[in-house]
Amino acid sequence: MKFPKRVYTKKEVKTAIDLINSGYKHELTVEGSPEFKEKVCQALELIKTAGYYDFLRTYIREILEIDGLTQLRETEVAIWANKFAVENPVDAASLFIQKASQMKEYLEGELYYGGNAEKRSVEKRMEFLETLKQKTQDESVKAECERLLQMWKDSSIAY
């Protein structure tokens, strides 16, 4: 069985879920300018450090540079990101994990956007930052995780 080119119909979603449940992982590709690719590679190294790389490859096939708004493209199993979204590798890594979590919920048929879903995706992002902070040996990465965690905690009062 081959992973569907797009994941939109019930049949395509079922095929994707069946493959994921049997351990399928994507060969993650990155498309964009050399600078974009370099920043994404830095973020991917942090994702590996935190132990989330298999999670990312389970739910995301591609990270593609665009000029528009950064977004999850569910039917394409891809993250479209602009150059600003990857400028800070720690923040980009947490964004990628957040989008992978949203993709997981999409495939599982859960409401993956709006109120409670947004709260869950931010919690996943914060969980990732906590894990990275604990697992990295790089003091500057630890400090950036702490800064971002505080920012998310301060902004999540509305939830």
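These numbers were taken from a predicted model, which means no experiment stands behind them.
The structure places CD of E12 at 13.5 Å from NZ of K14, a figure rounded to the nearest 0.5 Å. Note that CD of Q150 and OG of S155 are 10.0 Å apart. Values are rounded to the nearest 0.5 Å. Within the model, atoms OG1 of T58 and CG of N21 stand 10.0 Å from one another, a figure rounded to the nearest 0.5 Å. One finds the OG atom of S94 at 7.5 Å from the CH2 atom of W152 (value rounded to the nearest 0.5 Å). To the nearest 0.5 angstrom, N82 atom CG is 11.5 Å from L64 atom CG.
The closest side-chain heavy-atom distance from E31 to E65 is not below 4.5 Å. A 4.5 Å side-chain heavy-atom check between L72 and I60 finds at least one atom pair inside the cut-off. Under the 4.5 Å side-chain criterion, counting only non-hydrogen atoms from C-beta, V77 is in contact with M103. Here the side chains of V90 and L129 are in contact, with some heavy-atom distance below 4.5 Å. Contact check for Y52 versus E127: side-chain heavy atoms found under the 4.5 Å cut-off. Counting heavy atoms from C-beta on, the side chains of R57 and E27 come closer than 4.5 Å. A heavy-atom distance below 4.5 Å is found between the side chains of M151 and L148.
A side chain to side chain contact (heavy atoms under 4.5 Å, CB included) with L132 holds for exactly one of I97, D138, T49; it is T49. Only one option out of K104, Q98, E105 pairs with S121 in a side chain to side chain donor-acceptor pair (under 3.5 Å); it is Q98.
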Item to complete: Determine, stepwise, if the pair E123 / R120 fulfils salt bridge (charged side-chain N to carboxylate O under 4.0 Å, His left out).
Response: CA-CA 5 Å; E123 287 169 353; R120 287 190 307 273; over 6 Å; no
Practice prompt. Might you work through the side chain to side chain donor-acceptor pair (under 3.5 Å) test for Q42 and E38, ending with a clear yes or no?
Written response: CA-CA 6 Å; Q42 291 172 12; E38 175 61 29; 3.2 Å; yes
Fill in: Trace of the side-chain contact (heavy atoms from CB on, under 4.5 Å) decision for Q102 with K124
CA-CA 9 Å; Q102 290 171 319; K124 186 69 172 182; over 6 Å; no
Worksheet entry | Steps toward side-chain contact (heavy atoms from CB on, under 4.5 Å) verdict (L44, L56) | CA-CA 9 Å; L44 293 177; L56 181 69; 3.5 Å; yes
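Looking at every heavy atom in both residues, Y59 comes nearest to A100 through CB-O, 3.6 Å. Shown here for F36 and A81, the closest heavy-atom pair between the two residues is CE1-O, 3.6 Å. Nearest approach of A93 to A43, heavy atoms of both residues: CB-O, 3.6 Å.
Around atom CG of N116, no more than 12 heavy atoms belonging to other residues, nucleotides or ligands sit under 6.0 Å away.
The hydrophobic cluster containing F55 also contains I47, counting ILVMFWY residues as joined when their side-chain heavy atoms lie under 4.5 angstrom apart, directly or transitively. Residues W80 and V40 do not share a hydrophobic cluster, defined by chaining ILVMFWY side chains whose heavy atoms lie under 4.5 Å apart. There is a path of hydrophobic side-chain contacts, each under 4.5 Å, that joins M1 to L107. A single hydrophobic cluster is not seen to contain both I66 and L28; linkage of ILVMFWY side chains at heavy-atom distances under 4.5 Å, directly or through other members, places them apart.
Applying the ring-ring contact (aromatic ring centres under 6.0 Å, His included) test to pairs two or more places apart or on separate chains, those with a residue in residues 10-31 are F3-Y24, F3-H26, Y24-H26. Sorted by first then second residue, the salt bridge (Lys or Arg N to Asp or Glu O under 4.0 Å) pairs that include residues 75-100, not counting sequence neighbours, are K39-E87, R73-E76, D91-R125. Among pairs with a residue in residues 82-106, those fulfilling ring-ring contact (aromatic ring centres under 6.0 Å, His included) read Y106-Y112, at least two apart in sequence or across chains.
No donor-acceptor pair closer than 3.5 Å links the side chain of T136 to the backbone N or O of K133.
Taking the charged nitrogens against the carboxylate oxygens, K48 and E45 do have a contact shorter than 4.0 Å, which makes a salt bridge.
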